Number of protein chains: 2
Amino acid sequence: MSTIQDVARHAAVSVSTVSNVLNGRTDKMRQETLARVEAAIVALQFRPNTLARQLKTGQTPLLGLLVPSIANPMYGYIAREVETFAQEQYGYRVLIGNTYRDQEKEASFFEDLLAHGVRRVIVISSLADERHLERAVQRGMVVVSYDRRATPGETSEVDHVAPDNFEAARIATRHLIAHGHTRLAFATVAGMTMSRSNKIRGFHAAASEAGLREHACVVEGGPLNEYGDSVIGEVGRDLARQMVKAEARPTGIVAVNDLMALGLMAGLREMGLSVPRDMSLVGMDGLFLSAISNPALTTVQLPVTEMARAMVDRAMTRQSESGKDVGERVFTPTVLIERESVGPPPAIAQAAGTGSRKANT
Amino acid sequence: MSTIQDVARHAAVSVSTVSNVLNGRTDKMRQETLARVEAAIVALQFRPNTLARQLKTGQTPLLGLLVPSIANPMYGYIAREVETFAQEQYGYRVLIGNTYRDQEKEASFFEDLLAHGVRRVIVISSLADERHLERAVQRGMVVVSYDRRATPGETSEVDHVAPDNFEAARIATRHLIAHGHTRLAFATVAGMTMSRSNKIRGFHAAASEAGLREHACVVEGGPLNEYGDSVIGEVGRDLARQMVKAEARPTGIVAVNDLMALGLMAGLREMGLSVPRDMSLVGMDGLFLSAISNPALTTVQLPVTEMARAMVDRAMTRQSESGKDVGERVFTPTVLIERESVGPPPAIAQAAGTGSRKANT
DNA sequence: CTGAAAGCGCTAACAC
DNA sequence: GTGTTAGCGCTTTCAG
């Protein structure tokens with residue numbers, strides 16, 4: 001690996017001249033010198049060492065990205081968008097960490113980022129407690145969280161970008177209601193986060209609007225263990241069992257996200273129930289997987305690309321010094337993608353002579 | 001951020017003493033001094049700056065991980081295992097990059113890694129051409145590739161860790177044959193990689209064993225565009241169409257991977273075909289998603305965790321100087337997970353009086 | 001316009 | 001045993 005010294009020697013100039021061309025201060029430079037330096041750079045295949053540069057400038061073109069588990073397709077999706085945009089727009093690379101929803105792992109990730117000179121982080125946490133994020137900000141980091149802030153009143157030190165989860169759940173729930181469902185359930189996993197509680201509020205709001213608040217319940221599976229997202233099948237089975245044996249079995253289910261909906265489908269099927277004949281199901285996220293499930297999942301599409309870009313922009317634009325221009329940006333999901341997992345509730349279907357054509361053999 | 005100087009001052013010792021305790025050279029040190037230094041470190045919340053350290057040592061505890069797209073659940077799965085193991089076992093963080101199967105993006109990722117002082121990389125590439133990897137090795141990197149090497153004869157500069165794709169495909173194909181299938185197809189995407197061609201060889205080998213070589217064809221969809229993996233639904237539809245209109249329609253299909261199998265299921269369903277009644281399907285990978293599909297997918301489970309660990313171990317253990325102790329480690333997948341996507345072929349099913357009970361309405 | 005020189009925070013000889 | 005010191009590769013005043 002050649003150094004700036006080598007280039008300087010090769011071009012017969014001083015290192016600072018080379019440094020100047022490296023940093024674009026070429027305006028007041030003799031053409032010929034510039035050309036010589038550039039030639040030397042090419043000849044020696046010189047690439048400035050980011051590390052040495054950062055030691056001096058205190059900036060390293062690295063973005064931290066913290067996710068519960070990159071094996072979860074939703075986080076994989078977000079991560080891809082974040083990485084691509086950070087790279088193309090800002091020339092940043094991303095340093096990723098799985099936290100398995102563990103407080104300590106999150107904290108340790110921040111420590112390492114700091115040690116690596118990384119000062120910009122995007123956090124997708126399932127932890128309601130944001131104090132460790134605030135602490136990171138105090139230590140000079142710019143942190144952007146993918147969720148609403150917990151305390152809308154207080155000034156937070158961390159930026160927030162999130163989908164309008166309240167609205168997403170409301171849209172999903174209304175869709176079920178529009179199809180005639182009156183016994184509703186919201187399926188989620190143990191552990192409360194802002195996003196989950198907002199979704200539940202949206203679910204309840206839609207139920208209340210329709211005078212169905214009494215018939216809208218929340219069922220909870222899990223929790224997701226350290227293996228997290230691959231265990232979704234079991235959680236779905238759990239939940240399916242819960243719902244099937246409920247005295248007044250719900251007919252329309254809003255799942256906290258697409259993966260849960262997929263797990264639920266599997267669980268329901270194991271219990272001998274068919275979607276949408278016996279139960280209707282709507283998800284939220286809009287994963288590409290929802291399009292190829294059987295039945296294809298009706299879901300609320302979140303604007304993932306836009307949110308990812310907004311997070312990167314926030315992380316890059318803000319100055320770490322001031323905790324001032326911190327904000328919250330909420331993206332409203334507007335698109336409900338209708339596919340096959342929602343139909344009329346069983347009773348209505350029967351009355352209309354559509355359902356129970358094929359009995360469970 | 002406090003520095004080693006601050007700590008030295010606080011503990012009233014010299015920086016080298018502090019450096020010594022930081023690097024575990026505490027054996028020939030007075031208890032009391034050690035205690036004082038440690039106290040100072042805690043008091044000042046001192047964390048050594050990795051960058052400065054690396055500038056000196058030429059080593060940075062970062063592992064590069066290059067994947068076609070982290071949104072692909074299989075790569076997400078591998079990435080999670082790699083990250084977790086690298087972190088827990090070696091204290092390394094991982095720097096990730098999506099290459100979208102693009103030669104230039106891969107090259108540019110390597111450039112950046114080099115500039116960041118990263119010298120160890122795990123590459124999951126869909127590019128058959130390995131020259132850019134060799135070049136990276138020449139520049140002092142340790143690179144481990146997730147695939148067989150292209151030229152088993154020649155000495156390669158890059159390490160290889162891979163599943164036994166030949167065997168995996170053979171197991172999958174034999175399973176179909178054992179169920180009575182005689183018209184076989186292998187479903188893949190455009191673009192040839194070592195892993196794909198090995199799978200095809202395994203497929204053909206199993207067919208030949210059973211004297212079915214004549215009835216074993218390869219169908220190809222795609223290619224995966226830059227959005228890659230989210231487009232799998234369309235590819236599946238394509239392929240389904242191809243197979244349905246083939247003059248002698250295959251009854252047993254081996255999919256190049258689970259995602260392809262899932263896409264194919266959706267495509268087949270759209271064409272009015274039912275799995276496994278009309279067609280049997282087996283995947284390879286063992287994604288958690290295969291367990292919750294409908295029907296649940298029969299698949300060959302790859303030892304992902306073991307392979308991820310082997311890759312990390314290789315990347316960490318090898319010395320960058322010598323391109324000598326390079327090797328190839330092939331993991332044999334032994335487990336076929338039987339689920340619901342394989343049944344007898346339609347003709348046999350009819351003869352046995354099991355199938356076509358419910359006609360396509 | 002270009003060069004010399006002082007560090008950024010840490011490590012590792014080499015002295016004492 | 002502990003302190004001094006010379007860099008790692010680069011940026012950035014500050015002279016010339």
Side-chain angles (χ1 to χ4, degrees), chain A residues 1-38 40-41 44-62 111-119 139-140, chain B residues 1-38 40-41 44-62 111-119 139-140:
Chain A
M1 293 254 49
S2 42
T3 78
I4 199 174
Q5 319 271 1
D6 301 329
V7 177
R9 205 172 312 127
H10 191 105
V13 295
S14 76
V15 289
S16 57
T17 303
V18 179
S19 175
N20 283 337
V21 351
L22 251 32
N23 294 282
R25 287 183 288 268
T26 60
D27 36 336
K28 21 185 81 175
M29 194 176 285
R30 217 173 304 164
Q31 266 302 349
E32 190 252 349
T33 315
L34 174 58
R36 229 172 43 238
V37 172
E38 281 173 338
I41 291 178
L44 297 175
Q45 290 208 63
F46 169 73
R47 307 249 30 190
N49 182 326
T50 320
L51 267 120
R53 172 177 283 171
Q54 125 73 4
L55 189 53
K56 193 71 202 172
T57 62
Q59 284 279 332
T60 192
L62 247 29
E111 290 297 333
D112 282 9
L113 289 182
L114 232 27
H116 276 289
V118 179
R119 301 168 135 307
R139 299 228 248 155
Chain B
M1 294 255 48
S2 42
T3 77
I4 199 175
Q5 316 274 1
D6 300 330
V7 176
R9 206 172 312 126
H10 191 104
V13 295
S14 76
V15 289
S16 59
T17 303
V18 180
S19 175
N20 282 338
V21 351
L22 250 33
N23 294 283
R25 288 183 287 269
T26 60
D27 36 334
K28 21 186 78 175
M29 194 176 287
R30 217 173 305 165
Q31 265 302 349
E32 189 252 349
T33 316
L34 173 58
R36 228 170 46 237
V37 172
E38 281 173 339
I41 289 177
L44 298 174
Q45 289 208 61
F46 169 73
R47 306 249 32 189
N49 182 327
T50 321
L51 267 119
R53 171 178 285 170
Q54 123 73 8
L55 189 52
K56 190 71 200 170
T57 61
Q59 284 279 332
T60 193
L62 246 30
E111 289 297 332
D112 282 10
L113 289 182
L114 233 24
H116 277 288
V118 178
R119 300 169 137 305
R139 300 229 247 154

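We name chains A, B, ... by the order of the sequence lines, and we start the count at 1 in each one. Keep in mind that this is a model prediction, so the values were computed, not measured.
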| Taking protein heavy atoms under 4.0 Å as touching, what does nucleotides 7-16 of chain C look like 5' to 3' if B marks base contact, S marks sugar-phosphate-only contact and - marks none? | BBBSBBB---
| query | Quick one: salt bridge (Lys or Arg N to Asp or Glu O under 4.0 Å) partners of A/Glu111, sequence neighbours excluded? | reply | A/Arg139, B/Arg47
| Which residues share a salt bridge (Lys or Arg N to Asp or Glu O under 4.0 Å) with B/Arg9, sequence neighbours left out | B/Asp6
Taking side-chain contact (heavy atoms from CB on, under 4.5 Å) as the definition, give me every residue that meets it alongside [X], ordered by chain and number, with sequence neighbours left out.
X: B/Val21; result: B/Thr26, B/Met29, B/Leu34, B/Val37, B/Ile41
X: B/Ala40; result: B/Val7, B/His10, B/Ala11
X: A/Leu51; result: A/Asn49, B/Leu51, B/Gln54

| query | Which atom pair, heavy atoms only, marks the closest approach of A/Ile4 to A/Phe46? | reply |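 Closest approach of A/Ile4 to A/Phe46, heavy atoms only: N-CE1, 3.4 Å.
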| query | In degrees rounded to 10°, what angle is found between the helical axes fit to the five outermost pairs at each end of the helix from C/dC1-D/dG16 to C/dC16-D/dG1? | reply | 50°
Output yes when a side-chain donor or acceptor of [X] lies under 3.5 Å from a complementary backbone atom of [Y], and no otherwise.
X: B/Thr57; Y: B/Gln59; result: yes
X: A/Arg119; Y: A/Gly140; result: yes
X: B/Ser2; Y: B/Leu44; result: yes

| said: Reading DNA chain D in the 5' to 3' direction, which nucleotide is the first one with an atom under 4.0 Å from a heavy atom of chain A, and which is the last? | reply: D/dG9 to D/dT12
[X]: side chain to side chain donor-acceptor pair (under 3.5 Å) partners, not counting sequence neighbours:
X: A/Arg53; answer: none
X: B/Ser16; answer: B/Ser14
X: B/Arg30; answer: none

| request: Could you identify which residues of residues 27-36 of chain A place a heavy atom less than 4.0 Å from some atom of DNA chain D, listed by residue number, or say none? | output: none
